[in-house]
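Below is one structure; the comments refer to it alone.
Keep in mind that what you see is a predicted model, and the values were worked out from it rather than measured. Per chain, numbering begins at 1; letters A, B, ... match sequence-line order.
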2 protein chains.
Amino acid sequence: MTLTSPDTTAVGGRPVVPARGALRPLGLHEVRVTGGFWAVRQGVNASSTLPHARAWQDRLGWTGNLTSGVSSPDRLGREFSDSEVYKLLEAMAWEAGRSPDPALEAAIAEVTGAIASAQAPDGYLGTAFGGPGRPARYSDMTWGHELYCAGHLLQAAVARARTAGPDRLLEVARRVADHVCAEFGPDGRQDVCGHPEIEVALVELARTTGERRYLDQAALFVERRGRRSLPRHRFGWSYFGDDVPIREATVLRGHAVRALYLACGAVDVAVETGDDDLLRAVAAQFDRTLARRTYLTGGMGSRHTDEAFGDDFQLPADRAYSETCAGVAAIMLAWRLLLATGDGRYDDVVERILYNVVATAVADDGRSFFYAHTLHQRTPTAVVPADEEQLGFGGGPRAPWFEVSCCLPNVARLLASLACYTATVDDTGVRLHQYADTDIDTRLADGREVGLRVRTAYPDDGVVTVRVVKTDDEPWSVTLRVPPWATGAVLHTSYGRHPAPVGDVVVHRRFRPGEEIRLELPVTPRFTHPDPRVDAVRGCVAVERGPVVYCAESAGHDLDALRVDPTTPPADGPGGVLVDARFHAPADAPWPYGPPPPAATGPRAPLALVPYHRWARGGPSTMRVWLPTD
Amino acid sequence: MTLTSPDTTAVGGRPVVPARGALRPLGLHEVRVTGGFWAVRQGVNASSTLPHARAWQDRLGWTGNLTSGVSSPDRLGREFSDSEVYKLLEAMAWEAGRSPDPALEAAIAEVTGAIASAQAPDGYLGTAFGGPGRPARYSDMTWGHELYCAGHLLQAAVARARTAGPDRLLEVARRVADHVCAEFGPDGRQDVCGHPEIEVALVELARTTGERRYLDQAALFVERRGRRSLPRHRFGWSYFGDDVPIREATVLRGHAVRALYLACGAVDVAVETGDDDLLRAVAAQFDRTLARRTYLTGGMGSRHTDEAFGDDFQLPADRAYSETCAGVAAIMLAWRLLLATGDGRYDDVVERILYNVVATAVADDGRSFFYAHTLHQRTPTAVVPADEEQLGFGGGPRAPWFEVSCCLPNVARLLASLACYTATVDDTGVRLHQYADTDIDTRLADGREVGLRVRTAYPDDGVVTVRVVKTDDEPWSVTLRVPPWATGAVLHTSYGRHPAPVGDVVVHRRFRPGEEIRLELPVTPRFTHPDPRVDAVRGCVAVERGPVVYCAESAGHDLDALRVDPTTPPADGPGGVLVDARFHAPADAPWPYGPPPPAATGPRAPLALVPYHRWARGGPSTMRVWLPTD
């Protein structure tokens with residue numbers, strides 16, 4: 001039904017290009033972030049994170065594994081380290097599309113050359129398997145990550161093709177995909193990879209190349225999973241999403257990143273094949289995951305052991321896993337469902353994760369990052385030296401690098417392409433999804449050229465000004481989003497002041513060039529209460545301000561002793577958002593269970609909270625998002 | 001200072017034989033459990049668990065690894081599987097001491113022969129290292145478990161020597177210990193084993209054989225640990241107790257079983273060498289662990305990932321790890337500290353763990369067991385087929401066997417020797433520590449022979465009758481323990497009725513044969529509240545009855561919706577202990593955080609709770625110990 005005209009001729013720089021759906025995504029050539037919260041982070045990402053990650057990958061030999069041209073017994077790094085090189089290359093591709101730079105182009109060419117040199121004559125690409133002294137290809141579908149790595153290579157090639165046009169990397173990717181189709185097609189190995197990723201990548205490559213075979217192979221992988229073809233493992237089949245066919249599942253489960261990548265692939269397959277049953281199934285799973293298995297921050301994953309979703313409402317604050325990569329993957333999924341359905345709830349999800357997971361992950365200098373995101377730090381984190389690789393993965397402080405360093409390149413590719421997530425074109429006009437200083441110059445569905453300049457100090461402030469800089473004399477619409485917390489929002493247009501209820505606010509009219517729309521969102525602090533079934537935070541409140549979650553960070557305080565008065569609303573004040581608090585630490589008893597403890601006593605005083613995304617930036621500290629009430 | 005007269009001549013059947021301390025332990029020849037709660041479990045242990053475990057060890061080739069006489073490339077099981085054979089042999093030795101049985105004697109002889117055949121000429125014993133196609137001896141101190149295995153062999157030999165006299169196994173153990181001393185002595189390898197165990201075992205072997213060298217080597221291992229001699233690992237040095245020298249630590253941390261075994265070894269070293277500083281240091285660490293890092297059940301270990309203690313007050317109910325082995329190890333430690341100090345608080349710990357971890361672990365038929373002990377099961381557990389080995393370890397249902405099956409032999413050795421934990425001799429008489437039907441026939445410190453018969457339906461009922469069956473005309477004392485929950489206990493003697501305050505109640509007098517003492521402990525249900533710093537169970541109460549923790553188990557109820565009225569005390573009633581409860585499940589919101597949820601509504605009705613140790617015996621179920629209050 002689709003894919004007759006490959007997208008490669010239109011170098012739009014769009015992260016996702018579905019053939020159908022409620023919304024048309026914009027590319028980096030149509031929308032740019034020009035200032036504010038995210039522009040700062042995009043700058044740091046370009047100038048600092050990308051070279052930092054490249055240097056680590058070189059230092060640890062991950063790039064060199066590819067340069068050496070063939071896998072060898074001396075190969076360095078984990079079995080999936082190739083994928084980090086590919087993902088970083090993807091980030092570099094988006095960044096080159098966002099902000100052209102000769103040095104970056106040279107780096108892209110160099111890494112592309114290394115990758116091309118490592119490809120086998122039959123298209124296979126991968127340094128961990130198949131070479132001298134290495135295990136045989138596809139001998140460990142559970143943990144080998146071969147198709148996972150291939151998927152990231154495809155995504156890098158798609159990003160490059162969409163930002164710079166078809167090139168050598170796309171040819172490498174085509175040959176990888178052809179190899180995968182030959183090897184794992186209907187008559188080939190009846191296997192799935194332990195880590196989903198190839199599914200979403202194949203659909204994107206199909207979109208980019210117009211090759212239907214890649215879409216068919218993706219659909220085959222999606223259908224093949226859930227049939228327990230992977231061997232028994234102590235994490236259970238659910239860890240791999242191999243417990244239940246995806247159409248029969250009711251919620252995301254198992255390893256969070258695996259589950260989310262697979263869901264992305266399934267949505268892409270559903271969209272491209274017109275499979276609305278599959279689309280509805282995945283959307284329902286994500287909806288239930290949001291209702292029952294997601295942290296206040298939008299973070300996903302409750303278990304350290306298997307980096308997995310917990311049971312419903314199992315959301316411990318102090319053992320929150322909430323891997324950075326799961327945040328990125330959840331944005332990928334929410335974005336796909338938004339494009340498919342136009343349902344603004346998915347914008348809320350994207351926004352929540354952006355401000356509270358993505359913005360939290362990376363240090364101000366772009367050179368260290370959180371792998372996981374606890375919501376309650378009981379003992380101050382250690383300081384990690386700038387030259388020290390963290391063993392393994394998981395909890396702990398922001399670190400310059402991890403043995404498993406999937407998260408930093410993942411954030412980097414998102415940040416470089418972030419502008420694309422701020423606006424789309426729908427049937428009648430332009431729709432704004434995320435508020436930032438952006439310049440939008442695009443065409444409506446009917447081809448008319450329009451231009452908008454969005455200016456805001458969001459999320460610090462709730463005023464968003466949208467100026468129409470290009471229009472014709474025909475009517476069209478600008479749709480603005482009023483988030484669920486923004487009760488009482490007001491819209492100012494040239495016709496006056498209007499209440500702006502939660503949801504989509506559509507301004508449809510004949511715009512004049514220079515005309516302004518102003519949305520005022522009430523960005524004031526508020527208490528947020530948990531569903532009573534979230535056992536871990538019973539009797540607590542959290543504080544949010546606009547889309548930003550706040551936290552108490554230790555500054556000489558014993559946060560175990562903190563009690564907040566839930567009857568006094570939080571308020572903006574000196575040093576941050578103030579709550580009425582006291583500190584009451586009971587004396588230790590030899591045994592901590594017994595008669596009712598005495599009520600908290602002691603003077604109350606204002607306590608300043610800070611945005612969660614700012615925590616641990618001043619060095620080791622304790623922290624809590626959920627504040628026990630008196 | 002000690003060890004001049006080895007204990008082997010006195011076959012007392014005592015699990016721990018310290019050279020000094022406040023209390024003298026009794027052996028299996030001096031105290032027997034004759035009926036009641038624990039007698040049932042001892043019977044099942046003997047008739048069912050021991051052969052069940054033996055059959056699994058044979059079936060999986062763990063015994064065969066030893067029988068084949070030398071480690072080989074075809075060796076089966078994990079690197080520490082030898083230790084399970086040894087630990088089961090230890091359990092068999094205690095059981096043979098408790099209840100002689102020719103078939104058991106034959107099995108002991110057979111396994112002893114297999115072990116002896118596997119010992120190398122230089123004393124080294126172990127099937128995982130050193131043989132053809134195997135890694136070199138001591139090439140992996142972190143995970144090799146070689147000294148851990150050696151320790152369990154020593155403990156098995158000590159158990160056998162103490163119950164049956166010196167034999168071939170003791171000779172094997174001596175040669176193992178001599179090898180360890182030669183290899184790891186002051187001038188040898190400056191290493192420690194990743195898993196403590198050799199320390200406690202060497203002291204016990206020193207006690208049994210009178211060999212001072214073994215004690216010195218144990219002391220050396222204790223002092224050597226905490227200096228980061230093990231390589232960096234993502235779990236951190238704390239996992240191995242190798243982060244801080246044991247004298248400088250303030251709390252138990254890292255892998256719970258490792259920490260507790262090490263603490264046992266340190267106490268034993270401290271007692272035998274007169275090192276009161278070391279003794280006080282370990283006692284203080286355990287006290288803080290009890291005050292801040294222990295579950296209501298007495299279970300220890302909050303983290304699945306590394307089977308580790310959490311931070312202070314990090315005690316999630318639904319991710320409680322509370323490994324069975326950590327329960328056994330905590331009893332070992334509490335018992336040692338009790339013997340050293342005479343402080344009855346340690347009896348409370350032992351009792352709590354016995355009724356709520358040990359009694360919970362094993363199925364009624366003795367043929368399946370919990371590895372970990374959650375306090376909140378959100379989704380029903382799976383059913384494990386009787387012939388299915390669980391991969392790995394950790395959570396999930398009672399299973400017949402695990403790939404890592406440390407727990408079942410550990411419980412088995414404790415149950416077989418359990419009588420010894422019920423009473424001791426102190427300076428003036430006999431002290432009762434655990435209430436059960438027991439026959440006690442022993443000698444006082446001055447050599448006088450005394451006899452007691454204890455009869456009780458404890459813990460169902462709180463009446464404990466102690467009859468003096470043997471005495472002379474001189475005064476001596478019977479000391480009874482009144483647990484902390486037993487406010488209002490009453491003691492009846494031939495002199496009348498006396499209030500019995502919490503703590504030790506000493507009856508000192510000239511007893512007449514046939515004279516009875518009756519202690520009445522108020523075993524009635526009570527609410528228990530957590531320290532407010534235990535975030536995971538804020539706003540909840542638990543119900544205890546005597547030493548037994550109760551739980552709500554699903555019987556068609558949605559336990560997520562359970563709300564208990566904390567103002568109506570729990571009461572004995574039909575079907576168990578009744579609380580006033582209602583079920584209020586809020587409707588799912590798309591997002592589970594927001595304005596204050598509505599108060600729980602709906603009718604209240606009595607809900608029957610069951611002892612925690614009974615849960616999941618009727619098949620898969622949901623369960624919770626901590627009950628949210630209205």
When the 4.5 angstrom heavy-atom criterion is applied to Glu389(B) and chain A, the contacting part is backbone
Checking heavy atoms, do the side chain of Leu315(A), its backbone, both or neither come under 4.5 Å from chain B? side chain
In terms of side-chain heavy atoms, does Asp306(B) have a donor or acceptor partner in Tyr321(B) at a distance below 3.5 Å? no
Residue, of Glu403(B), Arg352(B), Arg563(B), that accumulates the most heavy atom pairs under 4.5 Å with chain A: Arg352(B)
Heavy-atom pairs under 4.5 Å with chain B: which of Arg345(A), His304(A), Glu544(A) has the most? His304(A)
Portion of Ala382(A) that has a non-hydrogen atom of chain B nearer than 4.5 angstrom: neither
Out of Asp535(A), Thr528(A), Asp312(A), Val534(A), which one racks up the most heavy-atom pairs below 4.5 Å with chain B? Asp535(A)
Classify the angle between the aromatic ring planes of Tyr593(A) and Trp591(A) as parallel (below 30°), tilted (30 to 60°) or perpendicular (above 60°). perpendicular
Compute the ring centroids of Tyr239(A) and Trp143(A), then answer whether they are less than 6.0 Å apart. yes
Cationic N near anionic O, under 4.0 Å, Arg582(B) to Asp565(B): no
Less than 4.5 Å to any heavy atom of chain B: does that hold for the side chain of Trp626(A), its backbone, both, or neither? side chain
I'd like to know which of Ala561(A), Ala536(A), Pro532(A), Pro316(A) tops the heavy-atom pair count under 4.5 Å against chain B. Pro532(A)
Give a yes-or-no answer on whether the side chains of Ser302(B) and Gln314(B) include a donor-acceptor pair shorter than 3.5 Å. no
State whether Asp318(B) and Arg303(A) are salt-bridged, where the test is any N-O pair (Lys NZ or Arg NE/NH1/NH2 against Asp/Glu carboxylate O) under 4.0 Å. no
Between His376(B) and chain A, with a heavy-atom cut-off of 4.5 Å, which part of the residue counts as in contact: side chain, backbone, both or neither? side chain
Which one of Leu290(A), Leu296(A), Asp531(A) has the most heavy-atom pairs closer than 4.5 Å to chain B? Leu296(A)
Using a strict threshold of under 4.0 Å (side-chain N to carboxylate O), is an ion pair present between Arg533(A) and Asp588(B)? yes
If you count heavy-atom pairs within less than 4.5 Å of chain B, which of Arg319(A), Arg292(A), Arg624(A) leads? Arg319(A)
How close do Asn356(B) and Pro547(B) get, heavy atom to heavy atom, and via which atoms? ND2-O, 2.9 Å
Under 4.5 Å between any side-chain heavy atoms of Thr381(A) and Gln377(A), yes or no? yes
Please determine, among Pro597(A), Pro590(A), Gly594(A), Pro595(A), the option with the most heavy-atom pairs under 4.5 Å with chain B. Gly594(A)
I'd like to know which of Pro592(B), Pro628(B), Pro484(B) tops the heavy-atom pair count under 4.5 Å against chain A. Pro592(B)
